[in-house]
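Below is one structure, written out as structure tokens; comments come after it.
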Amino acid sequence: MAASMGASRLHMRGNGQLLKCFQRILTPSQRRAGTNAAACQPLTDHQDAGKSFLALQEERRERAERSVLISCPSKTTEKKVLKFLSKYGAVNNCFFYDSYGTCAVIEFASRDGICSLHEAASLPSIQHEASVPFKTRLLALKSTGVDQSDGAASLKLHPQTSLPVNELIQRLAAEESIDQQLHSLTSILELTNENIALRFLVCSLLQDIAGAFFPECAIRLFGSTVNGFGKLGCDLDLFLDLDTISGRSMKRPSGLSLEYQMKRVASERTVTQSVLSVLGEGLEQFAPGCVGVQKILNARCPLVRFSHQPSGFQCDLTANNRVAMKSSELLWLLSRLDERVRCLVFVVRCWARVHGLTSSIPGAWISNFSLSMLVVFFLQTRSTPILPTLDQLRDLASPADKCVIEGNDCTIVSDLSKIQLEANTESLETLLQEFFEFYSTFAFNRMSINIKKGKQLHKPKRQCYIRAPVEDCASTNVNATQLERLVALCRESAWLLAHGGAIARHRRHRAGKAPGARAWQPPGSGPVGGRRGGGRRKKKARRGGDQACGRSTSRRQGGENVFVCEGNMD
């Protein structure tokens with residue numbers, strides 16, 4: 001993808017063959033939700049201005065607790081639905097989307113509206129099969145008798161997955177520079193306000209279920225949904241927070257005191273496995289809309305994986321994962337310091353997925369989190385740094401920001417206004433090319449990156465290439481082969497960005513072709529012959545590897561090398 005962007009500024013107005021590199025890499029793994037792409041508005045920073053990470057999450061959680069998710073009849077209108085629901089309470093916000101039928105997210109002005117709605121709702125009458133009478137805020141709106149639709153316009157549905165590939169290509173082809181392409185790609189892929197609201201609502205619905213087993217617990221979101229780098233269609237990462245249960249850290253008064261009686265187990269890991277096993281069983285047996293529940297309890301980080309059918313989200317639920325939550329807060333803070341950070345992370349993740357460096361399939365792949373750390377470290381090491389180090393963020397923190405997790409000092413400043421850096425005016429095009437050049441020569445066999453210090457350090461152990469902000473290492477699963485591929489692809493992409501335009505002009509001159517007919521050819525490639533449209537060669541993908549990850553292959557056409565990407569990018 002980086003190569004295609006490098007050549008795009010020279011012949012974007014041509015036939016757009018270079019943009020074929022986007023085809024099928026963004027095809028959603030889930031069914032496409034919604035039909036009106038224009039209704040999808042990008043997340044805007046002004047809505048979050050002045051709010052800390054925790055304050056923003058708490059506000060979204062509170063709004064989700066005042067919301068319901070309703071399955072609507074196929075023939076209905078927004079006016080009709082709102083008129084019916086307004087009888088039970090004032091409605092602040094609502095939007096509609098499509099996932100196995102039309103669904104509506106309704107946010108009431110207060111929780112009284114939900115109480116009134118629950119009082120009016122009835123259990124379904126099922127004659128031929130049994131059902132569990134489990135009441136949640138996941139409801140179905142039924143239409144009795146003849147439809148009373150007044151012929152008004154159909155519902156405006158908000159998409160919950162990425163744009164179709166053809167529309168994405170058209171949007172990018174309309175841009176006149178690499179910088180504009182990167183901004184456009186980010187705005188197209190990023191989570192919308194509606195999608196974020198739906199994610200927090202699903203989290204709140206799951207907390208209602210978990211609360212039946214563990215009163216006063218909380219289910220929290222982490223990862224891409226909240227760290228500022230979420231892409232439409234990405235998984236929903238959640239963790240069960242048992243530390244919120246009151247009474248655990250109360251000071252004992254002198255004299256008599258009361259304690260809850262509890263079961264004791266061998267280790268904290270055993271507790272985690274037992275809790276997740278109970279929740280997994282509850283989700284499978286009682287939770288409406290939760291299907292395909294898998295209890296993966298022997299993994300390094302035990303989890304329960306399932307699909308939430310009404311929203312279309314693939315969910316991963318862990319327990320007491322405070323480390324991941326703090327890492328999400330760090331990335332969110334860094335993403336708000338400079339808009340170029342988000343653009344670079346989005347394009348590097350997209351580039352990595354196209355080339356099969358990352359995958360949703362477990363294995364020795366580089367993770368999206370590790371890629372984000374690579375971008376952060378690169379931006380920390382500019383001659384005029386764009387991002388501060390973690391040590392600098394810790395030094396700016398107030399006493400209220402103090403945070404220690406598992407003996408590690410994870411303190412970072414929460415007030416963004418305290419962070420002052422020198423102005424860096426490098427363009428996104430320059431940063432992208434120099435990112436590839438920076439890692440094309442990085443000695444991963446000897447050195448690791450440390451974003452706490454903003455320096456390269458000798459590796460503390462064999463497979464620790466990235467010193468994580470909290471844990472000692474964030475790349476233990478990555479093997480040397482994958483790092484070699486990363487370096488090789490960075491080298492190739494840097495070369496293409498630097499020389500792709502000159503090669504394109506030279507070959508067009510030799511062939512007498514119109515601008516846009518030639519995209520680029522990798523370095524070291526000899527003359528390519530053959531008739532136009534013939535001789536496609538496709539490498540056989542490794543099992544669970546390149547093809548599953550969207551590995552890109554090249555197709556030669558009449559002296560041209562057109563980049564074609566297969567598979568999808570979640």
Checking [X] side chain against [Y] main chain: does a donor-acceptor pair fall under 3.5 Å?
X: S328; Y: A324; result: yes
X: Q273; Y: L297; result: yes
X: N320; Y: L242; result: yes
X: T76; Y: C72; result: no
X: S99; Y: Q309; result: yes
X: S327; Y: V323; result: yes
X: T318; Y: N321; result: no

Residues two or more places apart in sequence or in another chain: which of them pass side-chain contact (heavy atoms from CB on, under 4.5 Å) with [X]?
X: N195; answer: Q160, L191, T192, R199, L232, F313
X: A210; answer: C217, I219, L240, L279
X: D112; answer: S110

Any [X] side-chain heavy atom under 4.5 Å of [Y] side chain:
X: Y97; Y: T102; result: no
X: S67; Y: I106; result: no
X: E339; Y: L428; result: no

Could you check whether [Y] and [X], counting side-chain N and O atoms only, form a donor-acceptor pair closer than 3.5 Å?
X: S307; Y: Q314; result: yes
X: S184; Y: S187; result: no
X: S311; Y: H308; result: yes
X: S277; Y: S274; result: no
X: D208; Y: T136; result: no
X: S204; Y: R137; result: yes

Please report the C-alpha distance between R349 and T358 in whole Å, then the side-chain angles of each, then the deciding distance to 0.1 Å, and finally whether the side-chain contact (heavy atoms from CB on, under 4.5 Å) criterion is met.
CA-CA 8 Å; R349 286 185 175 186; T358 58; over 6 Å; no
Using the ring pair (Phe, Tyr, Trp, His ring centres under 6.0 Å) rule, collect all pairs that involve residues 57-96, keeping only residues at least two apart or in two chains.
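Every ring pair (Phe, Tyr, Trp, His ring centres under 6.0 Å) pair that includes a residue of residues 57-96, provided the two are not neighbours, is F84-Y88, F95-H158.
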L221 and F239: CA distance, side-chain angles, deciding distance, side-chain contact (heavy atoms from CB on, under 4.5 Å) verdict:
CA-CA 7 Å; L221 288 164; F239 77 92; over 6 Å; no
Assess the residue pair L489 and L357 against the criterion (side-chain contact (heavy atoms from CB on, under 4.5 Å)); give the C-alpha distance rounded to whole Å, side-chain angles, the decisive distance to 0.1 Å, and a yes or no.
CA-CA 10 Å; L489 288 169; L357 289 173; 3.9 Å; yes
Step-by-step salt bridge (Lys or Arg N to Asp or Glu O under 4.0 Å) determination, E65 to R111:
CA-CA 7 Å; E65 289 173 358; R111 299 188 190 184; 2.3 Å; yes
For a side-chain contact (heavy atoms from CB on, under 4.5 Å) check, start with the C-alpha distance between I412 and L330, then their side-chain angles and the critical distance, and finish with the verdict.
CA-CA 8 Å; I412 57 174; L330 170 66; 4.3 Å; yes
How far does CZ of R61 sit from CG of L56, to the nearest 0.5 angstrom?
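Atom-to-atom, R61:CZ and L56:CG are 12.5 Å apart.
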Please walk me through it: do K51 and E59 pass salt bridge (Lys or Arg N to Asp or Glu O under 4.0 Å)?
CA-CA 10 Å; K51 298 175 183 176; E59 177 185 311; 2.8 Å; yes
For residues 273-291, pull every pair meeting salt bridge (Lys or Arg N to Asp or Glu O under 4.0 Å), keeping only residues two or more places apart or in separate chains.
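For residues 273-291, and leaving out neighbouring residues, the salt bridge (Lys or Arg N to Asp or Glu O under 4.0 Å) pairs sorted by first residue read E281-K295.
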Non-neighbouring partners of D179 that pass side chain to side chain donor-acceptor pair (under 3.5 Å), sequence neighbours left out:
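Once residues adjacent in sequence are excluded, D179 has no partner under the side chain to side chain donor-acceptor pair (under 3.5 Å) criterion.
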Please name the pair of heavy atoms, one in L117 and one in L139, separated by the smallest distance, quoted to 0.1 Å.
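Heavy atoms of L117 and L139 come nearest at CD2-CD1, 3.6 Å.
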